[in-house]
Amino acid sequence: MKISITKVALCCALTTTIFGCSSGDELVKPASTSVPVAQTPSITDKIKSIINDDSAPVNDDLQILKDQLEQQQQQLKAMSDEQQALQEVLKRQSINLDISANKEANAGRNQQGTASTAYIAFLENEQQFTEIEEMATKEVSIIPQRQSSLKLNIPQDAQFIAIKVGLRYTKKRSQLLIPISSLDFDKSLTLNIGACDINIEDGILPELTPTFTTKLKYYQQPLVSCS
């Protein structure tokens with residue numbers, strides 16, 4: 001019985017001590033201070049910094065990484081160049097043709113315009129120029145005061161685009177033989193049909209073909225009258 005009382009007394013003493021400690025003076029806590037955290041560079045940034053710093057010692061691993069990076073950049077540039085070249089090739093496989101006929105189209109010396117037909121052919125050589133109608137891949141009706149627009153696919157072996165308009169009062173100014181190399185593929189090839197002639201308004205780069213430029217300057221001189 002004495003042992004039990006002693007145990008109880010001891011437990012009470014311990015309990016009092018424990019609660020006394022917890023209920024006594026509060027523990028002094030360190031003051032909470034807000035310290036800004038510096039933004040540390042990422043591992044990738046460190047690697048890039050070391051690679052780009054020629055003065056820093058570069059070990060074999062970093063040199064290999066630098067070489068691989070340069071090789072990848074060269075491959076990306078080569079892929080970009082190939083893509084641009086492919087786009088240029090695809091762009092040169094077709095051409096947009098716009099034909100505008102004024103109100104006096106095919107009128108000759110008269111005031112009233114009349115309908116006619118435009119024959120379009122792609123030729124491999126100049127000798128085929130006399131066979132435009134037979135080799136025509138497209139025929140377009142020319143109506144006064146009306147515009148026609150069409151997209152033409154260029155054959156792989158074509159060197160010229162030939163256009164002949166059935167104007168009644170002249171033959172000299174109703175046919176065109178245009179080198180494919182002189183076409184501006186960023187624009188439409190635009191033709192104007194007058195009373196008895198054809199004029200190229202846009203869509204060519206004459207400086208690319210000097211011989212054609214000389215002929216074009218003569219050909220594009222305005223007519224005094226229809227023959």
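Quick caveat: nothing in here was measured; it's all calculated off a predicted structure. All residue numbers refer to positions in the sequence shown, counting from 1.
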For [X], enumerate each residue passing the salt bridge (Lys or Arg N to Asp or Glu O under 4.0 Å) test, keeping only those at least two apart in sequence or located in another chain.
X    : result
K103 : none
D157 : none
D184 : none
E133 : K164

Distance from [X] atom [atom1] to [Y] atom [atom2], nearest 0.5 Å?
X    : Y    : atom1 : atom2 : value
R146 : I99  : CZ    : CD1   : 13.0 Å
R92  : S181 : CZ    : OG    : 9.0 Å
K77  : Q73  : NZ    : CD    : 12.0 Å
T190 : N96  : OG1   : CG    : 9.5 Å
Q145 : I143 : CD    : CD1   : 11.5 Å
S174 : I163 : OG    : CD1   : 11.5 Å

Residue pairs involving residues 114-129 (criterion side-chain hydrogen bond (donor to acceptor under 3.5 Å, both in side chains); sequence neighbours excluded) = N106-T114, T114-R168

message = Please give the remaining members of the hydrophobic cluster of L76, linking ILVMFWY side chains under 4.5 Å, ordered by chain and number.
response = none

inquiry  = Tell me the closest heavy-atom pair linking P144 and I142, and the distance in Å.
reply    = CD-O, 4.0 Å

ask   = Taking all atoms of both residues into account, what is the closest heavy-atom pair of P179 and F160, and its distance?
value = CA-CD2, 3.8 Å

CA sep, side-chain torsions, deciding dist, call: D98, Q147, side chain to side chain contact (heavy atoms under 4.5 Å, CB included) = CA-CA 7 Å; D98 293 338; Q147 180 174 342; 3.9 Å; yes

Are the side chains of [X] and [Y] in touch, meaning some heavy atoms are under 4.5 Å apart?
X    : Y    : answer
L123 : Q159 : no
N199 : I193 : no
Q93  : I154 : no
E201 : L191 : no
L189 : I178 : yes
I180 : F185 : yes
K151 : I95  : no
N192 : I198 : no

Decide whether [X] and [Y] are clustered together by the hydrophobic rule: side chain heavy atoms of Ile, Leu, Val, Met, Phe, Trp, Tyr closer than 4.5 Å, transitively.
X    : Y    : value
I132 : L152 : no
L97  : I200 : yes
I204 : L177 : no

task = Consider only side-chain N and O atoms of N153 and S94, and report whether a donor and an acceptor are under 3.5 Å apart.
result = no

query = Does atom CD of E134 have more than 12 heavy-atom neighbours from other groups under 6.0 Å away?
reply = yes

key: Stepwise side chain to side chain contact (heavy atoms under 4.5 Å, CB included) check, V140 with S148   = CA-CA 8 Å; V140 182; S148 300; 3.8 Å; yes

